Amino acid sequence: MATMNSLISLVNRIQRACTLLGDHGADQASHSLWESLPSVAVVGGQSSGKSSVLESIVGRDFLPRGSGIVTRRPLVLQLHRIEEGLQEYAEFLHLPKKRFTDFSMVRKEIEDETNRMTGKSNQISPVPIHLSIYSPNVVNLTLVDLPGLTKVAVEGQPESIVQDIENLIHSYVDKPNCLILAITPANQDVATSDAVKVSRQVDPAGERTFGVLTKIDLMDKGTNALDVLEGRSYRLRNPWVGIVNRSQEDINRKVDMIAARQREREFFSTNRDYAHLSSKMGSEYLARLLSKHLESVIRARIPGIASFINRSIDDLEAELAHLGRPVAIDAGAQLYTILELCRAFDRVFKEHLDGGRPGGDKIYIVFDYQLPAALRKIPLERHLSQQNVRNVISEADGYQPHLIAPEQGYRRLLESSLNYFKGPAQASVDAVHFVLKELVRKSISETEELKRFPTLRSEIAIAANEALERFREDGKKTTLRLVEMESSYITVDFFRKLPQEVVDKGGNPAPASAEGHFQRIGSNVLSYVGMVSETLRSTIPKAVVHCQVREAKRSLLDHFYAQLGRKEVMQLAQLLDEDSVLMERRQQCAKKLELYKSARDEIDAVCWSG
């Protein structure tokens with residue numbers, strides 16, 4: 001028994017720790033340790049004697065009383081048995097450092113905490129109050145006191161109150177690990193019992209329901225509750241237990257629970273109707289019965305609980321490894337950490353460029369599609385129209401027309417045509433720049449190690465973008481220089497190989513071909529520019545890759561590294577100022593991991609000792 005009591009106490013501690021860590025809100029039992037642990041829900045109609053049953057089990061007068069709905073929030077009551085002679089006390093989860101030894105103050109705190117959530121109205125709230133009681137007079141047990149079932153709304157309550165209470169109760173009793181303590185007054189027909197009705201809905205076989213019959217001492221003379229207690233009226237897999245609560249007069253006179261328990265024992269042992277059942281009646285027997293059944297449930301659940309805990313430990317250790325260790329306070333260690341994080345970002349960035357991750361292919365699209373398309377859109381046909389060629393040639397000749405070939409006109413036409421290539425060259429530089437900026441953004445967001453440090457992420461982004469701006473300027477200068485080089489020196493051989501014009505005896509174009517003369521000049525210039533276009537289509541990508549892509553791979557954070565070496569200790573610490581959400585998550589994971597490891601060790605110890 002000691003072994004299993006230790007296990008029940010362990011379950012209580014795990015439930016309490018899970019609540020502190022916020023780990024009891026999963027929708028499916030298999031996804032939450034809280035859901036995998038058994039508990040006992042106390043269900044009954046208003047004024048069925050629920051509060052008196054709980055106080056009898058605890059042996060203390062600590063629950064609010066009154067008419068109407070008194071229990072307006074679930075009360076998760078965890079009982080912890082302590083050694084004889086130690087002072088009993090109570091603790092609330094919302095007041096973890098405060099011990100209550102005066103149980104009248106426990107009642108007041110329950111009332112105050114209820115009002116804090118619901119106000120002084122008759123409305124209910126699903127948010128539970130968590131109370132732990134440590135006493136040598138209790139068994140290790142977890143009980144959940146739920147609002148009493150009602151059939152109609154009273155003044156100050158919403159019309160949905162009846163359904164709201166039923167939904168709240170079902171949120172507990174629907175779970176297969178929840179035992180149901182169905183409270184029914186003896187002066188009511190069990191067939192119409194609210195608690196039995198709920199139990200029948202979720203536990204039709206009666207396997208996890210314990211029937212409790214209250215107010216037996218208030219039944220009419222000449223009647224008894226044997227049909228119910230002996231299972232003839234409504235059979236359950238577990239035995240019905242009769243309870244004699246304190247009367248209102250006893251409560252007013254402040255009769256203590258020890259004396260009330262003695263009177264309860266005397267009632268059953270001296271009443272001729274119930275004497276043969278007296279050993280299986282009363283609140284003390286009910287507590288032992290629940291504890292014993294809980295022991296068997298826990299024993300059956302141990303393998304599943306242990307398996308869940310082991311899986312949780314593996315998951316938490318993996319998550320902690322993913323979140324990383326807490327930041328060191330030593331300056332050297334901080335600098336090392338920052339450099340490692342920068343390298344992690346740099347690896348991801350290079351993977352994008354080299355094809356390990358998507359995005360680098362967009363640079364190829366700039367060279368293979370956007371640049372050729374831009375070159376094709378240059379308005380050379382309009383620029384080299386016959387009329388424009390005539391005008392340029394005439395302007396270049398001035399007052400003295402050319403004698404043989406209009407060389408100055410040719411050069412002007414070539415230079416003005418080649419100037420059009422500056423636009424596509426700069427557009428290619430800008431397009432690659434924006435691709436690189438987007439890859440920097442993606443790389444920062446995909447570098448898991450950086451997610452902890454928003455300040456460092458921001459600084460790396462700024463430094464990388466500033467570097468890309470420098471690379472863009474170099475790219476623009478280089479590509480523009482390529483265009484200017486083509487304008488600065490004309491390939492003479494190209495024109496020498498062109499067919500010669502037909503001229504008259506004076507060396508001038510024949511009159512019949514005067515119009516064709518300008519058309520031929522425009523065609524020659526267009527052919528030359530076409531040759532240059534093919535050259536630039538190859539050399540512009542080379543220049544862009546050399547000045548921007550190659551440098552981004554080689555020296556994207558070089559300036560940032562140089563600045564790091566000049567930073568003070570406080571500045572390094574600021575860079576490693578973690579995201580508060582991640583810090584809190586790491587702390588939560590560490591606490592849960594500690595809880596689960598402790599639970600695993602204790603379960604192992606209890607099982608081996610058994």
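In what follows, residues are counted from 1 in the order of the sequence shown. These numbers were taken from a predicted model, which means no experiment stands behind them. Atom set for the values below is all heavy atoms of this structure, side chains included, hydrogens, waters and symmetry mates excluded.
- With F268 as the partner, the side-chain contact (heavy atoms from CB on, under 4.5 Å) test is satisfied by one option alone out of V244, L277, D217: V244.
- For the pair S125 and L168, the tightest heavy-atom approach, listed with the atom from each and the gap, is O-CD2, 4.2 Å.
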Quick one: do R116 and E109 satisfy salt bridge (Lys or Arg N to Asp or Glu O under 4.0 Å)? Show the steps, please.
CA-CA 10 Å; R116 273 192 284 271; E109 182 57 34; 2.5 Å; yes

Walk me through whether E319 and R585 qualify under salt bridge (Lys or Arg N to Asp or Glu O under 4.0 Å).
CA-CA 10 Å; E319 185 171 0; R585 180 60 188 162; 2.7 Å; yes

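- Salt bridge annotation for R265-E284: present, with a cationic side-chain nitrogen under 4.0 angstrom from a carboxylate oxygen.
- Aromatic pair F62/F100: ring centres not closer than 6.0 Å.
- Evaluation of the salt bridge (Lys or Arg N to Asp or Glu O under 4.0 Å) rule for D203 yields no partner, not counting sequence neighbours.
- Distance alone, capped at 3.5 Å, is enough to place a donor-acceptor pair between the S269 side chain and the E266 backbone.
- Residue pairs meeting the side chain to side chain donor-acceptor pair (under 3.5 Å) criterion with at least one partner in residues 439-448, sequence neighbours excluded, are H322-E448, H352-E446, R357-E446, E438-R441, E448-K451.
- A donor-acceptor contact shorter than 3.5 Å is absent between the side chain of T71 and the backbone of L146.
- The backbone N or O of K97 sits nowhere less than 3.5 Å from a side-chain atom of E91 that would complete a donor-acceptor pair.
- A distance-only check finds no donor-acceptor pair linking the side chain of D61 to the backbone of M257 [under 3.5 Å].
- Here the closest heavy-atom approach between residue A195 and residue V43 is recorded as CB-O, 3.4 Å.
- Checked against side-chain hydrogen bond (donor to acceptor under 3.5 Å, both in side chains), K197 has no partners two or more places apart in sequence or in another chain.
- Among residue pairs with one or both ends in residues 182-233, those qualifying as ring-ring contact (aromatic ring centres under 6.0 Å, His included) are F210-H293; sequence neighbours excluded.
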Would E55 and R246 count as a salt bridge (Lys or Arg N to Asp or Glu O under 4.0 Å) if you check the C-alpha gap in whole Å, the side-chain angles of each, and the deciding distance to 0.1 Å?
CA-CA 10 Å; E55 288 182 335; R246 291 181 301 166; 3.3 Å; yes

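- Side-chain contact, T184 with S193: a donor N or O sits under 3.5 Å from an acceptor N or O.
- Scanning both residues, R107 and L63, for their nearest heavy atoms gives NE-O, 3.2 Å.
- In this structure, K592 forms no cation-pi arrangement with Y596, as its terminal cationic atom is not both closer than 6.0 Å to the ring centre and no more than 45° off the ring axis.
- Within 6.0 Å of CZ in R232 there are more than 12 heavy atoms belonging to other residues, nucleotides or ligands.
- Under 3.5 Å, the side chains of S199 and T209 contain a donor-acceptor pair of N or O atoms.
- For T114 against I110, the heavy-atom pair with the smallest separation is OG1-O, 2.7 Å.
- The shortest heavy-atom contact between V106 and A90 is CG2-CB, 3.8 Å.
- In this structure a side-chain-to-backbone donor-acceptor pair under 3.5 Å is missing from N271 to F267.
- Judged purely by atom type and a 3.5 angstrom limit, R99 has no side-chain atom pairing as donor or acceptor with the backbone of Y89.
- Nearest heavy-atom pair across Y285 and S279 is CD1-O, 3.5 Å.
- When atom types are taken as modelled, the side chain of S291 and the backbone of R288 share no donor-acceptor pair closer than 3.5 angstrom.
- With R81 contributing its side chain and V139 its backbone, the two residues share no donor-acceptor pair below 3.5 Å.
- Contacts classified as ring-ring contact (aromatic ring centres under 6.0 Å, His included) and involving residues 216-256 (residues at least two apart or in different chains) are not found.
- The number of heavy-atom neighbours closer than 6.0 Å to CD of E584, taken from other residues, nucleotides and ligands shown, is 12 or below.
- When the salt bridge (Lys or Arg N to Asp or Glu O under 4.0 Å) test is applied to E449, no partner is found at least two apart in sequence or on another chain.
- Using a 4.0 Å cut-off between charged side-chain N and carboxylate O, D112 and K108 make a salt bridge.
- Crowding of Q87 atom CD: a count of heavy atoms from other residues, nucleotides or ligands under 6.0 Å not exceeding 12.
- Between the R452 side chain and the L576 main chain, no donor and acceptor come within less than 3.5 Å of each other.
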